[in-house]
Amino acid sequence: MKSKKQNADFLHVGELLLAWYKIHGRDLPFRNTNDPYKIWICEIIFQQTRIEQGLNHYSRFIHRFPDVQTLAEAENDEVLLYWKGLGYYSRALNLHKAALQIVREFQGKFPENYNNILSLKGVGKYTAAAISSICFGTKIPAVDGNFYRVLSRVFADDFDISKSKAFLYFSELALRMMPENEAGHFNEAMMDLGSEICKPKNPKCEICPLNKECLAFSLGKVHEFPVKSKKTKPTDLELTYHYVEFNGRFLIKRRGDDFIWKRLYEFPTEVPAEFKTEIVHHKTVLHKLTHRNLTVQIYKVILNSEEIFKKFAEENGFIITDLEESHQKSFPKPLENYMKWIEDEI
DNA sequence: AACGCGGGGCT
DNA sequence: AGCCCAGCGTT
């Protein structure tokens, strides 16, 4: 149990942070709304995704799916199309499921209660806290990577952030710092400080509003925090695809929701042996994933018989498409890049 | 509690 | 080449 004086110190840090945010907070498109739908979408998009990377996707997504009803009524495929290139595709699938959930279980009105928000597919403790605090003023910290980094540095706290207990541990610290009736702004402030000042590498401690209170800074040990024990060990994975073409058209099929690239489109992985004689080139694409070194082999096969092309497609459930049409489908990045390359060749 | 899931940027 | 990013669901 901490003393009253320490609690006052905690609150002081929270107020410094909030004051900084009101002047230096980022001007982002979702900062001017309390619409829980929009906040929800942006929270999901920006999970494990940098703001610059997802900003255009956010705008396009909101423009096409301006509310829960529109999203719920959309085709699964189109939701994925608007997610194209973002990665972690189960986020898009869960988003769609949750929209249906809101329509069916909550009569189309976005739930306002924390536990109801948490019950939505793809919404975990962080996202539920963010929506609750920003849209409904619930006093609850939205603890994410920024909280871990900022708090562990301010208190020179070596609590291992890879432990599942870290969420609760830093939630309690954050709650003691949180000013009354400012939960949403406080959470946003922590995100902005973590992104603009208290960055993972080369933090701007000289201009940090918390540098007088930051223990790690005063000890010259900012780089030692946060402490994270888990090390990711990349494994190798090889995939083979065939760009089977006849007269400008080629074959695709939708993936299942197993493994990677859930429900995205891909080329045939295997072709009959007699197709091998029609290979015109072979490209090796190296693709870096978070925990995998991916090597994708792509063989371009140009068939000279429409009959064989159509028969192969029909017997194996492939869709016949072309480069123009394929813009309306969501493909994994390596295949997307390959098609761009083919298009440029023409 | 540990692991898998994308893609991009930074060092 | 490794780490990190407005994390979550599954096992």
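Residue numbers start from 1 in every chain, and the chains themselves are labelled A, B, ... in the order their sequence lines are given, proteins ahead of strands.
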Using atom [atom1] of each nucleotide, how far apart are [N] and [M] to the nearest Å?
{"N": "B:dG6", "M": "C:dT11", "atom1": "P", "answer": "15 Å"}
{"N": "C:dC8", "M": "B:dG8", "atom1": "P", "answer": "22 Å"}
{"N": "B:dG4", "M": "C:dC3", "atom1": "P", "answer": "16 Å"}

When you check the phosphate oxygens OP1 and OP2 of [N], does a side-chain N or O of [X] lie under 4.0 Å from one of them?
{"X": "A:Trp261", "N": "B:dG7", "result": "yes"}
{"X": "A:Tyr89", "N": "B:dG7", "result": "yes"}
{"X": "A:Lys262", "N": "C:dC8", "result": "no"}
{"X": "A:Thr127", "N": "C:dC8", "result": "yes"}

Exercise. Starting from the 5' end of DNA chain C, give me the residue, A:Arg31 or A:Leu118, whose nearest nucleotide shows up first.
Key: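 By nearest-heavy-atom nucleotide position, the 5'-most residue is A:Arg31.
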Exercise. Would you confirm whether A:Asn187, through its side chain, and A:Pro141, through its main-chain N or O, come within 3.5 Å as a donor-acceptor pair?
Key: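 No, the answer is negative, given that no donor and acceptor are paired below the 3.5 Å cut-off.
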Practice problem: State whether the side chain of A:Ser195 and the backbone N or O of A:Asp192 hold a donor-acceptor pair below 3.5 Å, judged by distance alone. | Solution: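 Between the backbone of A:Asp192 and the side chain of A:Ser195 there is no qualifying donor-acceptor contact (under 3.5 Å).
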Looking at every strand, decide which applies to [X] at a 4.0 Å heavy-atom threshold: base, sugar-phosphate, or nothing.
{"X": "A:Ser90", "answer": "nothing"}
{"X": "A:Ile51", "answer": "base"}
{"X": "A:Gly194", "answer": "nothing"}
{"X": "A:Ile44", "answer": "nothing"}

Between [N] atom [atom2] and [X] atom [atom1], what is the distance in whole Å?
{"X": "A:Gln47", "N": "C:dC4", "atom1": "CD", "atom2": "C1'", "answer": "15 Å"}
{"X": "A:Asn337", "N": "B:dG6", "atom1": "CG", "atom2": "C1'", "answer": "13 Å"}
{"X": "A:Asn94", "N": "C:dG7", "atom1": "CG", "atom2": "C1'", "answer": "12 Å"}

Quiz prompt | Test of ring centre spacing under 6.0 Å for A:Phe225 and A:Phe159 | solution =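 Between A:Phe225 and A:Phe159, the centre distance exceeds or equals 6.0 Å.
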Exercise. Determine, using ring centers only, whether A:Phe110 and A:Trp40 are less than 6.0 Å apart.
Key: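 Yes - the distance between ring centres of A:Trp40 and A:Phe110 falls below the 6.0 Å cut-off.
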Self-check item: Ring geometry between A:Phe61 and A:Trp83 (parallel below 30°, tilted from 30 to 60°, perpendicular above 60°)
Solution: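 It falls in the perpendicular class, over 60°.
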Exercise. Classify the ring geometry between A:Tyr243 and A:Phe267 as parallel (under 30°), tilted (30 to 60°) or perpendicular (over 60°).
Key: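 Because their plane-to-plane angle is over 60°, the rings of A:Tyr243 and A:Phe267 count as perpendicular.
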Quiz item: Is a donor-acceptor pair below 3.5 Å formed from side chain A:Gln53 to base B:dG7, judging by atom type as modelled?
Solution: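 Yes, the side chain and the base share a sub-3.5 Å donor-acceptor pair.
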Quiz item: So, A:Thr49 and A:Arg91: side-chain donor and acceptor under 3.5 Å apart, yes or no?
Solution: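 Judged by distance alone, the side chains do pair up.
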Practice problem: Using heavy atoms to find the nearest nucleotide of DNA chain B for A:Ile260 and A:Ser164 separately, return the residue whose nucleotide is more 5′. | Solution: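 Its nearest nucleotide lies further toward 5', so the answer is A:Ser164.
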Contact list (N/O, under 3.5 angstrom) for nucleotides 9-11 of chain B vs protein:
from   : atom 1 : to       : atom 2 : distance (Å)
B:dT11 : OP1    : A:Asn202 : ND2    : 3.2

